[in-house]
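The next block holds one structure in the form of C-alpha cells; read it before the comments.
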Amino acid sequence: MSMQGVAPVLAAALAIAAFASFPSGVRSIGVCYGMNGDGLPSRSDVVQLYKSNGIGAMRIYSADREALDALRGSGIDLALDVGNRNDVSRLADASSAASWVNDNVKNYPDVKIKYIVVGNELTGTGDAATILPAMQNVQAALASAGLAGSIKVTTAIKMDTLGPVSSPPSVGVFRNPSVMEPIVRFLAGNGAPLLANVYPYFAYRDSQDIDLNYALFQQSSTTVSDPNNGLSYTNLFDAMVDAVRAAVEKVSGGSNVDVVVSESGWPSADGKGATVENARVYNQNLIKHVGQGTPKKPGQMEVYVFAMFNENRKDGDATEKKFGLFNPDKTPMANMRGFALVFAAALLLGVFISIPVGVQSVGVCYGMIGNDLPSKRDVVQLYKSNGITDMHIYLPDVEAMDALRGTGIGLIVGVANDILIDLAANPASAASWVDANVKPFVPAVNIKYIAVGNEIAGEPTQNILPAMQNINAALAAASIRGVKVSTAVKLDVVTNTFPPSAGVFAEPYMTAVAKLLASTGAPLLANIYPYFAYIGNKKDISLNYATFQTGTTVPDPNNGLVYTNLFDAMVDSVYAALDKAGTAGVSVVVSESGWPSAGGDSATIDNARTYVQNLIEHAKKGTPKRPGVIETYVFAMFNENEKPGEATEKNFGAFYPNKTALAGTTMARRQGVASMLTIALIIGAFASAPTTVQSIGVCYGVLGNNLPSRSEVVQLYKSKGINGMRIYYPDKEALNALRNSGIGLILDVGDALSYLAGSSSNAAAWVRDNVKPYYPAVNIKYIAVGNEVEGGATQSILPAIRNVKSALDASGLGAIKASTAVKSDVISNSYPPSAGDFRDAYMKDIARYLASTGAPLLANVYPYFAYRGNPRDISLNYATFRPGTTVRDPNNGLTYTNLFDAMMDAVYAALEKAGAGNVPIVVSESGWPSAGGFGASVDNARAYNQGLIDHVGRGTPKRPGQLEAYIFAMFNENQKNGDPTERNFGLFYPNKSPALQEATTGQMSQVESSLRMASSAASMLDMALLLAVFASILAGTAAVGVCWGMSGDNLPPASKVTEMLRENGFTVVRLYAPDSAALAALGGTGIRVVVGAPNYDLPALAHGGTAAAAAWIRENIQAYPTVLFRFVVVGNEVAGADTQLLVPAMENVHAALAAAGLGHIKVTTSISQATIGVHIPPSAGEFTDEAKSFMSYVIPFLERTHAPLLANLYPYFIYSYNPGGMDISFALFTASGTVVQDGEYGYQNQFDATVDALYTAVAKLGGENVRVVVSETGWPTAGGVGASVENARTFNQNLVRHVRNGTPRRPWKKTETYVFAMFNENLKEAGVEQNWGLFYPSTDRVYPISFHARI
C-alpha cells in the first residue's frame, strides 16, 4: 500500500474542493494558453495541468478542436479567440459567422465559453471594415442559438490603440475613434467588456524614464498623481488600465463597459529587464493586485496572465518566446516552483495573497537527526513547492533560518532543553539567546512561537516558567513584537484524561505556566500522539478511534460532548486542565502529532497514511469542546535514521531523505502530505469557519392559516441569522418585505410553467411583473421554473427555462440563474451512487442546457422518505447523519457515512453521464418531519437538521467543498395536503417559537442556535479567523470604520444613516452613547458597533458597583440582541479628576458583561492625543506625567483582559498648532520619501509616527500586547489653518488606502481606524469642529471618496 492518500491528496483538493466551494465570480485570474511551440504537452494534459493547479480560466487563440474537446466538463471558463485577421474577415459574412458558431460553440455545450474574442490587437484603421461586422454577426448567431445571454462577444486591443499621450491616465483617448467608438457602443449595448492586453514590460523596455520597480508593482520612488481627478498611481499597470478606462468612458455609453485584462506578463529572458526573478516578481504581484482593482475602479479585476508555456515558434522579438509560467515538460520555470500551488489559493480569494497567519491550520515538524537529509535550503524549497506554510524546528539552526528568510513560512523555533537552567537563572543569558537566535532573523523570518523546552520532565520543569519570563522580557527589550513564548508539553502533564472533562494539570508548575500564557496571549504547545495511547491500551482503544475512522462514539458524562476520535479527547483534556487552572482563554497549538510507518506495533504505511490524512482534514474542524481551526504540526517531514529510542522514532516521516514521498510516491505526480497540507491551510481555513454563513437557507411555505405576517417572517429570518430563503410563487407581500434585507432568494414560478413555456413574450411579461420591480433590492439568486414536475408537464420545463433565461438576459438580469427543482426519483439506479443516471431523456437535455448557462440544478433531497420506505436496509443513524454506518461504492471506492451524501452523489453521477459534469447542485429542499409518520419525531428532526447544517460546509465524497442547501421548512403548515408528515417539517411553530426545542429544558434548539451562530459568529472577537477570511473576500467592504456623531439639529434619521453606512460598505461604526434609535436601526444589519458609555455615566458606573454596570448593560446592550457590539468604550478623552473613575468603571462593566455571557465584548476607553507627551521620534514615545497617573492603571487592565486601547489621533492638530514646523505633506500622506528616520524605521507620514509612538508609550507601562485602535482621525474641510475640502479628501482617501499596510514597526498588520466623522454637525463649537463630516446632513458627500479596502 502506498502513501498516495497522504503525500498526494492535497493539491487536487486545494484546486477542486476549496475552489469549487466559492462562487465562480471570484475567479479573477486566468492564464493564456498559446500553442506556438515544439514539444508542448497534449491538449488534455494541459487542461489537466490547469485543473491540478486550480487555474479556473483559460484563453486560447483559435477554435482548436482538440483543446475544446479536452475542456468538456472541466468547468474552466474560456475566452475563445476566433483566430487571425483572415478568420475575422471571413466572419464579416453572416452565414460564415453562423457556421462558425455552430461548429465551435453550439457543438460544445459542456465547455464554459465566457467570451468570444473577435480579433486580437486588430483595431487599426485597416480593420475597420471587418472587425465590427464580424462581432455583430457572431452576436447575431449566438442570439439565434439562445446563447447570447451567457457568452459575450468582444475584441482584444493593445495599448497603442490609445493616442500617443496617455499620462496622466485620465487623458486616455482612442487613436482611431472611427474604429473604436462603434466597437465600444456595440459592447455597451450587449453588456460585454473590452479586452485589453496590458504589458508594463514593453513600456518599461522602450523608455528610459520608467523605474523598474514602478513596472513590477514594487515599492518605488515613483508616484504619478493625476491632476484631473486627484488619483495617485504607485504602479504602471494601474495607470495603463485606467488610461484604457478613460478612453472607453469618453465614448457615449462607455461608462457601462468594463475592461478585462486579456494578457499581461513579463518575459524571463532575452531582453532588457527580462529575467526569471523579474518575471516571478511581476506575475506574483499582478496576481496579488487584481483583488484591489485600480484607483479609478477599485474592486476585483479579471486578468489573464500570459502565458502558460514558453513557446519557441513565436514570431517577433526574442522575448516573445519567454513569457511562460511553465516549461513544455510541465515543470514550473526556475524560481517559480510553488507558484502554481499558491496560484490556486489566489483564485479562491480573487487575489494572490498568502493566507493570514492564524488562519493556517497545519504545518510540518522538521527534525534533523539524520545523516542523509537534504540541505536546509532544499528542505525549505520542498516546503514551498508543496505549499507547506508552517514549520517547527527544535533548535535555532542558523542555516535553516537563513534559508527561511523571505519565504513567509511560519516558524516554531525551539530552545534546547539543556540550556533552560541557564536561561531561567540569568536574564542576561536569555537576552543573549534572543540577540543571537531571533533578532538577526526577524522580520525576514516569520517566527511565530518560541518553544522554551520540549517535553521537559522531572526537576527541570521548575526552570520552564522563569526561562519563559526571561525570554519574554528579552524580546520586549529588543522591541520584537508578535513572537509568542510558550513551551511544548506531552500529554502526561495532564492527569485524569478520561473523560476529557476531568483533565487537570498533574503538577502546580503547569498552572503557573498557563497563567503566564494567559497574560501574554500565547498558546500552550502540546504534543498529541494517539498512536502511543493506542499501543499502550489496545484492549480499550480501537484502531479506528485512534486513526479518525468511524465506528466508535464515546460520550463525556460530565458535559454531554461526544467524541468520535482519540485526538479530540486528548486535546480536550488539555483544554479542561487549562479551564481548571483559571486560564480558559489560552488556546492549544498541537506542536507535534503523527503515526509511524514502520518499526513497531501497528506502525504501517497504511495506518500512517490514514492517520495523517484524517488529521489534516480534521484540524479545520477543531474539537467538541473547541470547534474551529486547531493549529497543528504533523510530525515529521523526514524519516530520521539517527534518532535514538524505539525503532518507530525513526519512521514518522512523510518523506524519505531523497525527498520522495513514502512508498515511492512522486511529488510531481501526487504532491503528497505537503499538498494535503495545502488543503488544510487554505480550504481548511475557510471550511472551518462557520460555513453556514454562506450555505444554509430555509424554505418559506405559506400553506397555513395561522402564520405570521410576511414582514414578521423576514424579521425572524434576520434575527436568526438565516440568509437564504425559498418561496414557492412570486408573493408580492413577501417580495416587498425582502427589500434591502440582503437575504438570498430562490423564487419559484408557481403554477406558471405552461404559460412560460408558451412563448418568449409570456416569459418577458412574467419577468417584467415579478422580477424587475424587485431586483436588486431583493437579492434574487435563482428562478425555480417548476417544482417536482411530473408527467407530460415535464416537456414544458426546458422551453420555459429557455424563455425565462432569455427574458432575464434581455432585461439586464443575467446574474439571476434559471433552473428547475427536481425530486430524487428523476434518478434511476441510485445505488451505488456512481450508478446514478437520469431516468428520462428530458432531464439530460435540461442538464446540458444548465451547463451552457452556468446555472445549478436544484434538487429536493429527502433521506427521510428513502428511510421510511426501506427501514430494513437503511438504518436511522445512516439517514440522520449519526455515526455507525459506512457504505462503500464498489465502482470508485468512495465511502459514505450518511444517506444524504449518497443521494447527492447519485445526482452528480447522473449529471456526468449526461455530459454536464460541471453543473453544481443546490439542495433546494431537505428536512425531516417532527410528527405525523414513521420515524417522524422531534429528536430525529433535530438530529437530521443539525447534521445537515454541520455537514454542508464539507460537501460529499464525490464533490467535497461547500454545498448550498435550503432546509424545508420555516413553519409547520396546517393547510398542506397529503401525508400528515407534510404539515410537520417546520423549524418554527406559527407563533415563531422553535418547533425543535429541547424537550426537557425548553431552551433554544441546537438547530436554531446553529443558524443564529452562522450570522453572529462574525461579530465575536474569538472568531477573528472568520473575520480575517471574509474580510478578504467581501469586495465592497470599507477599509475603515466611521464615527457617527449626533451634535446637529438637521441630521438624517437613524434608519437613513444606517442605510448610508451599508451603501458605503462600512461594517463597523462608533457611537458616542447608546442612542436607542441608532441601535434599533443597526440591529440585524451585520454592522459591528463600538458603543460609548459617556463621561457623564462614569460616576454611576464607578461607584455603583457591578449592579449599576449590570443595569447599564441590560438597558444598552442586552436590550438590542441583534446588534453586533464590538467594544464598550468607557469614557471619551476623560481628563482631570474623572480619570480616577476610569478603571473602577471599566472593571465593573467588564464584570457585568461576563456575568451576562457577553464576555466577547471588550471594555476599553478612548484617550486624547494630548496624553502623548512625545511623538517624534516614535521610539521615544511616552505619555505625559499627568496621563501616566491614570494610564498606569488603564494599561494593565487592557493587558489582562486582552482589550485594545482606543486613541483619537489627529495629524491635523499637530500640523495646525505649528504649521511652520511641519510640511503639510507629512500630515497628508503625500510626502515623497522618508521624513523621520528612527533607527531602522523610516516614517513618511505623521499618522504612522503617532501610532508607533503610542505603542512605545503603552509598552513602557507594561502593555506589550495591547493593540492600538485609532478611534478617531480625520481632517476638517473648513474653519481653521489648512482646513479645506481638498486637504480633507486627500487625507481621508490616503488614510483608507494606508491603514491596511500597518506602520513601519508593524508592517502589514492593519491599523483598525475610525474616520471622524459621518456628518458635519452644526451644534458643535464653531470653527473646525463643525466641519469634519464625510457627508452633509442632506446625505450628499462633501467630496468624492472611496472607502473600500482595495483602492
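Bear in mind that the values here come from a model prediction, so they are computed numbers and not experimental data.
- Every residue meeting the side chain to side chain donor-acceptor pair (under 3.5 Å) condition with N527, not counting sequence neighbours, appears here in chain and number order: N454, E455, S591.
- The side chain to side chain donor-acceptor pair (under 3.5 Å) search around Y449 returns E631, not counting sequence neighbours.
- Between the T632 side chain and the I630 main chain, a donor and an acceptor come within less than 3.5 Å of each other.
- With sequence neighbours left out, D372 forms a salt bridge (Lys or Arg N to Asp or Glu O under 4.0 Å) with no residue at all.
- Rounding to the nearest 0.5 Å places CG of L475 at 5.5 Å from CD1 of I480.
- Side chains of E592 and Y529: a donor on one and an acceptor on the other come within 3.5 Å.
- Residues passing the side chain to side chain donor-acceptor pair (under 3.5 Å) test with N658 are T660, sequence neighbours excluded.
- No hydrogens or angles considered: nothing links the side chains of Q219 and Y214 as a donor-acceptor pair under 3.5 Å.
- Sorted by first then second residue, the side-chain hydrogen bond (donor to acceptor under 3.5 Å, both in side chains) pairs that include residues 478-489, not counting sequence neighbours, are K484-N1265.
- Taking D435 as the reference, nothing meets the side chain to side chain donor-acceptor pair (under 3.5 Å) condition, with sequence neighbours excluded.
- In terms of the ring pair (Phe, Tyr, Trp, His ring centres under 6.0 Å) criterion, residue partners of Y201 (sequence neighbours excluded) are, by chain and number, W266.
- The ring pair (Phe, Tyr, Trp, His ring centres under 6.0 Å) search around F635 returns F652, not counting sequence neighbours.
- Here F567 pairs with F548 under the ring pair (Phe, Tyr, Trp, His ring centres under 6.0 Å) rule; sequence neighbours left out.
- A distance-only check finds no donor-acceptor pair linking the side chain of N607 to the backbone of A603 [under 3.5 Å].
- Checked against salt bridge (Lys or Arg N to Asp or Glu O under 4.0 Å), K490 has the following partners two or more places apart in sequence or in another chain: D492.
- A donor atom on one side chain and an acceptor atom on the other are found under 3.5 Å apart for Y282 and S264.
- Scored by the ring pair (Phe, Tyr, Trp, His ring centres under 6.0 Å) test, F638 finds no partners at all (sequence neighbours excluded).
- Considering only residues two or more places apart in sequence or on other chains, A636 meets the side chain to side chain contact (heavy atoms under 4.5 Å, CB included) condition with E640.
- Judged by distance alone, with hydrogens and angles left aside, the side-chain atoms of N614 form a donor-acceptor pair with the main-chain N or O of T610 at under 3.5 Å.
- Using a 4.0 Å cut-off between a side-chain N of Lys or Arg and a carboxylate O of Asp or Glu, D270 and K321 do not qualify as a salt bridge.
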